[in-house]
Amino acid sequence: MPGAKLPDYELSDHTGKHQKLSELQGSDPMILVLSRGGFCPKDRRQAELLLQLHREMEVGYCQLVTISTDNLLLTNEYRTGVGAHWPFLSDPGRIVQKDLDIAEYTDPEHNPMIPHTLVLEPGLIVFKIYYGYWFSGRPTLEELRQDLRAVTKKFRPDWDITSPEMKAAWQRGDRTKFWPYEKNYVDLLRTRGAI
């Protein structure tokens with residue numbers, strides 16, 4: 001539920017590398033898609049729509065991750081098939097599904113998760129949850145943009161750099177409230193896997 005901390009699941013990504021959600025999130029807001037899997041046309045369509053938003057999220061310092069109950073091969077095919085560039089995590093053991101009690105009992109053949117889209121504040125804190133059993137229950141791109149705006153505004157001290165306090169801090173040489181918050185750019189790029 002909103003305000004709760006999501007468990008820091010560690011699963012294999014589409015390359016087979018084990019990844020923790022907290023490491024993928026870093027200090028940024030994150031959208032986490034709990035997907036039925038690549039077999040589902042509704043999930044594929046949602047991922048295709050997220051392609052556009054992901055490009056905006058990258059320049060806005062926000063993360064996007066998809067988790068499905070697909071095995072590693074199917075996870076990689078799902079990601080490649082929709083042209084995604086964000087991490088897809090594979091959970092064939094259904095750890096997340098069981099832990100969150102979100103088994104889609106109406107599909108015993110595939111045994112997927114009930115689709116959810118979670119908007120997370122830094123620290124894996126749940127900001128908003130969308131239930132997508134019916135496709136219209138999934139968030140629109142504009143809803144996700146607005147959610148990311150609210151989360152970013154809430155925790156980025158430099159959201160409004162026009163305030164007298166922020167201008168005074170800059171003039172004093174106090175960079176602790178300005179992105180990248182006292183990190184140098186080389187270290188920042190290293191933590192984001194860019195170098």
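A salt bridge between R36 and D43 is absent, with no side-chain N of the basic residue lying under 4.0 Å from a carboxylate O of the acidic one. Using a 4.0 Å cut-off between charged nitrogen and carboxylate oxygen, R79 and D70 do not count as a salt-bridge pair. D174 has a carboxylate O that lies under 4.0 Å from a charged side-chain N of R172, or vice versa, which qualifies the two as a salt bridge.
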Is there a side-chain contact (heavy atoms from CB on, under 4.5 Å) between K128 and L118? Walk through the geometry before answering.
CA-CA 6 Å; K128 192 174 268 185; L118 290 81; over 6 Å; no
Worked verdict on Q19 versus E10 for side-chain contact (heavy atoms from CB on, under 4.5 Å):
CA-CA 5 Å; Q19 299 271 15; E10 183 174 349; over 6 Å; no
Under the criterion side-chain contact (heavy atoms from CB on, under 4.5 Å), I'd like the reasoning laid out for L89 against T75: C-alpha separation, chi angles, the key distance, then a yes or no.
CA-CA 7 Å; L89 302 179; T75 297; over 6 Å; no
Might you work through the side-chain contact (heavy atoms from CB on, under 4.5 Å) test for Y61 and R156, ending with a clear yes or no?
CA-CA 11 Å; Y61 307 108; R156 295 270 193 223; 3.6 Å; yes
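One hydrophobic cluster holds both L6 and I95 under the rule that ILVMFWY side chains link at heavy-atom gaps under 4.5 Å. In the hydrophobic clustering of this structure, L50 groups with F135; members are Ile, Leu, Val, Met, Phe, Trp, Tyr whose side-chain heavy atoms approach within less than 4.5 Å, directly or through other members. Follow the hydrophobic side-chain contacts under 4.5 Å out from I125 and you never reach L24; the two are in separate clusters. Clustering ILVMFWY residues whenever any of their side-chain heavy atoms sit less than 4.5 angstrom apart, transitively, puts I102 in the very cluster that holds V126. Follow the hydrophobic side-chain contacts under 4.5 Å out from W159 and you never reach W170; the two are in separate clusters.
Atom CG of D91 and atom NZ of K98 lie 8.5 Å apart (nearest 0.5 Å). Here CZ of F39 is found 8.5 Å from CD of E109. Values are rounded to the nearest 0.5 Å. With values rounded to the nearest 0.5 angstrom, Q25 atom CD is found 4.5 Å from M30 atom CE. Atoms CD and OG1, on Q146 and T140 in that order, are 9.0 Å from each other to the nearest 0.5 Å.
Inter-residue side-chain proximity for F88 and S35 is flagged as unmet; no heavy-atom pair is nearer than 4.5 Å. Using a 4.5 Å heavy-atom threshold, the side chains of I31 and L120 count as separate. Residues F178 and M166 have side chains in contact (heavy-atom distance under 4.5 Å, counting atoms from C-beta outward). Side-chain contact check for E104 versus P115: some heavy-atom pair is nearer than 4.5 Å. For the pair L21 and I67, the minimum side-chain heavy-atom distance is below 4.5 Å. Using a 4.5 Å heavy-atom cutoff, the side chains of R145 and E56 are in contact. In this structure, the side chains of Y130 and D147 come closer than 4.5 Å at one or more pairs of heavy atoms. A heavy-atom distance below 4.5 Å is found between the side chains of L64 and M57.
In summary, the side chains of Y78 and T66 do not present any donor paired with an acceptor at a separation below 3.5 Å, with no hydrogens or angles considered. For Q46 and T117, the side-chain atoms include at least one donor-acceptor pair closer than 3.5 Å. In this model, a donor atom of one side chain and an acceptor atom of the other lie less than 3.5 Å apart for S22 and D8.
Relative ring orientation between H116 and Y131 is described as perpendicular, the plane-to-plane angle rising above 60° on a 0-90° scale split at 30° and 60°.
Heavy atoms only, all atoms of each residue included: A150 and F127 are closest at CB-CZ, 3.8 Å. Heavy-atom minimum distance, N111 versus A103: OD1-CB, 4.5 Å. Smallest separation of non-hydrogen atoms from C62 and D28: CA-CB, 4.2 Å. Among all heavy-atom pairs drawn from P122 and S27, the shortest one is CG-O, 3.6 Å. The two atoms that bring T162 and K167 nearest to each other are O-CE, 3.6 Å, heavy atoms only. Contact record, L73 with N71: N-OD1, 3.1 Å, taken as the closest heavy-atom pair.
Other residues, nucleotides and ligands contribute over 12 non-hydrogen atoms within 6.0 Å of the CZ atom of R94. By the 6.0 Å contact criterion, CG on L51 is enclosed, its count of non-hydrogen atoms from other residues, nucleotides or ligands being greater than 12. Other residues, nucleotides and ligands place more than 12 heavy atoms under 6.0 Å from the CG atom of D160. Crowding of R175 atom CZ: a count of heavy atoms from other residues, nucleotides or ligands under 6.0 Å exceeding 12.
Under a 3.5 Å cut-off, the side chain of D107 and the backbone N or O of H110 do form a donor-acceptor pair. The backbone N or O of G38 sits nowhere less than 3.5 Å from a side-chain atom of E77 that would complete a donor-acceptor pair.
Each of L124, V65, L100 was checked for a side chain to side chain contact (heavy atoms under 4.5 Å, CB included) with Y9, and the lone residue meeting it is L100.
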